[in-house]
Amino acid sequence: MLGELGQGGFASEAISADEVFASIPFDVVITERVARARYPQLNAYSARVVLAWYVAREKALGAASVHAAYLATLPDHIKTPYFFDASELVYLNHTNLGTAVRERAPGIRSDYDGALRLVDEADRVEWEQYLWAFCMLSSRSFPYTLMDPDYDGPSTEIMLPLLDVFNHKPATKITWSRQGTIADGGRIAFVAGDPIQQGEQVFNNYGPKVNFSRHAFSLFFFLFSAQPLTYLFFFFLLPKVE
């Protein structure tokens, strides 16, 4: 449904404080392990690259994808700076955001081109599909340690179907709860910190994101009109000392 911050989740009935209002079993979570099992030829690439390829390919399969119901809930278009053309990027000149995008974009494209040479022809995806999936992971993924708090390997991430529908709102009280273990078929649950009335939009809390953080803005590409955590960056170019 559409709410004050766009598409999101709403309470179909009243939710009490400390009540689980949404949960999914571990076996529907999209993980690096699932993606690597599908594309072992991409073993040399990072978790993000392999997951992005997996999500892009599943999206391209449409109704034939095992994740079709979930993928249908995701926006078909995402307008982050990585999708800007040259004429639009001009407006980010002389900003730290523009610098970050220009520095990172070639690496994203290079990883795509390399992976494209390795996967079977039937598993190829277009650049725009891959970039879409890459940005979806950037803006919607959760840390793998939410499933396995004892994990101490390389950084990796997961996608939580349907649990990622809840929009961010600063200072929202919410608990991300792990119930059970992977071995015994556990679940990931969201627990409300405050009462929520029937019909109200239900929010998540992504942490202390700020309007002018190049990380947050480049990933989520939204601003709040009243943001308690706003701060500004000031960069100064110093003369080169010989």
Side-chain angles (χ1 to χ4, degrees), residues 2-8 30 35 39 42 44-62 65 67-68 70-142 155 157 159 164-165 167-168 206 209-225 227 230-237:
L2 292 176
E4 61 181 286
L5 295 178
Q7 184 176 358
I30 298 176
Y39 300 111
L42 300 182
Y45 285 88
S46 68
R48 170 61 62 83
V49 172
V50 182
L51 278 163
W53 203 279
Y54 178 83
V55 171
R57 180 59 187 150
E58 289 298 307
K59 176 69 170 176
L61 289 174
S65 169
H67 306 291
Y70 164 56
L71 294 174
T73 68
L74 302 182
D76 290 328
H77 304 283
I78 179 169
K79 193 64 172 176
T80 76
Y82 292 107
F83 282 96
F84 284 10
D85 59 30
S87 65
E88 293 171 315
L89 280 174
V90 167
Y91 294 100
L92 297 181
N93 284 349
H94 312 297
T95 69
N96 56 326
L97 176 58
T99 299
V101 171
R102 290 185 175 91
E103 288 177 349
R104 196 177 185 196
I108 299 173
R109 181 63 197 235
S110 177
D111 285 338
Y112 166 78
D113 290 339
L116 186 65
R117 292 190 289 268
L118 296 175
V119 297
D120 297 335
E121 185 173 353
D123 288 323
R124 291 180 177 178
V125 297
E126 299 294 330
W127 161 243
E128 291 76 11
Q129 295 172 313
Y130 174 82
L131 185 58
W132 172 88
F134 187 97
C135 291
M136 283 294 148
L137 280 155
S138 293
S139 64
R140 306 177 81 94
S141 68
F142 292 77
S155 177
E157 56 196 330
M159 293 191 80
D164 62 5
V165 72
N167 290 312
H168 170 62
Y206 303 167
K209 306 299 182 184
V210 295
N211 280 353
F212 292 95
S213 163
R214 74 177 186 181
H215 173 75
F217 188 61
S218 66
L219 295 186
F220 306 113
F221 207 55
F222 63 71
L223 300 175
F224 287 99
S225 58
Q227 168 59 278
T230 294
Y231 60 84
L232 298 174
F233 291 100
F234 290 92
F235 293 88
F236 300 90
L237 295 177

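Side chains are part of it too, since the values below use all heavy atoms of this structure and drop only hydrogens, waters and symmetry mates.
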Nearest heavy-atom neighbours spanning G62 and A68: O-CB, 3.4 Å
CG-CE distance between L74 and M136, expressed to the nearest 0.5 angstrom: 5.5 Å
Heavy-atom pair with the smallest gap, counting every atom of T95 and G98: OG1-N, 2.9 Å
Whether E103 side chain and A100 backbone form a donor-acceptor pair below 3.5 Å: no
Those residues that, when tested against D76, pass salt bridge (Lys or Arg N to Asp or Glu O under 4.0 Å) (two or more places apart): K59
Heavy-atom check, side chain of W53 versus side chain of E58, under 4.5 Å: no
Value rounded to 0.5 Å, distance of CZ in F142 from CD in E157: 11.5 Å
Atom of Y54, atom of A35 and distance for their closest heavy-atom approach: CB-CB, 3.7 Å
Heavy-atom pair with the smallest gap, counting every atom of L42 and V50: O-CG2, 3.6 Å
S155: side-chain hydrogen bond (donor to acceptor under 3.5 Å, both in side chains) partners, not counting sequence neighbours: none
Gap separating the CG atom of L118 from the CG atom of D123, nearest 0.5 angstrom: 12.0 Å
Under the side-chain contact (heavy atoms from CB on, under 4.5 Å) test, residues paired with L89 that sit two or more places apart: F84, L92, V101, R102
Backbone N/O of L61 and side chain of S65: donor-acceptor pair under 3.5 Å: no
Result block: side-chain N/O donor-acceptor pairs under 3.5 angstrom for residues 126-133, not counting sequence neighbours:
from : atom 1 : to   : atom 2 : distance (Å)
Q129 : OE1    : E126 : N      : 2.7
W132 : NE1    : P75  : O      : 2.9

Pairwise distance CG(L116) to CZ(R124) - rounded to 0.5 angstrom: 5.0 Å
Interatomic distance, I30 atom CD1 to S141 atom OG [nearest 0.5 angstrom]: 11.0 Å
Side chain to side chain donor-acceptor pair (under 3.5 Å): pairs with one or both residues in residues 110-120, sequence neighbours excluded: R109-D113
Set of side-chain hydrogen bond (donor to acceptor under 3.5 Å, both in side chains) partners for D164, sequence neighbours left out: Y70, R140
H77 side chain reached by F83 side chain, heavy atoms, under 4.5 Å: no
Full working for side-chain hydrogen bond (donor to acceptor under 3.5 Å, both in side chains) between S138 and R48: CA-CA 9 Å; S138 293; R48 170 61 62 83; 2.8 Å; yes
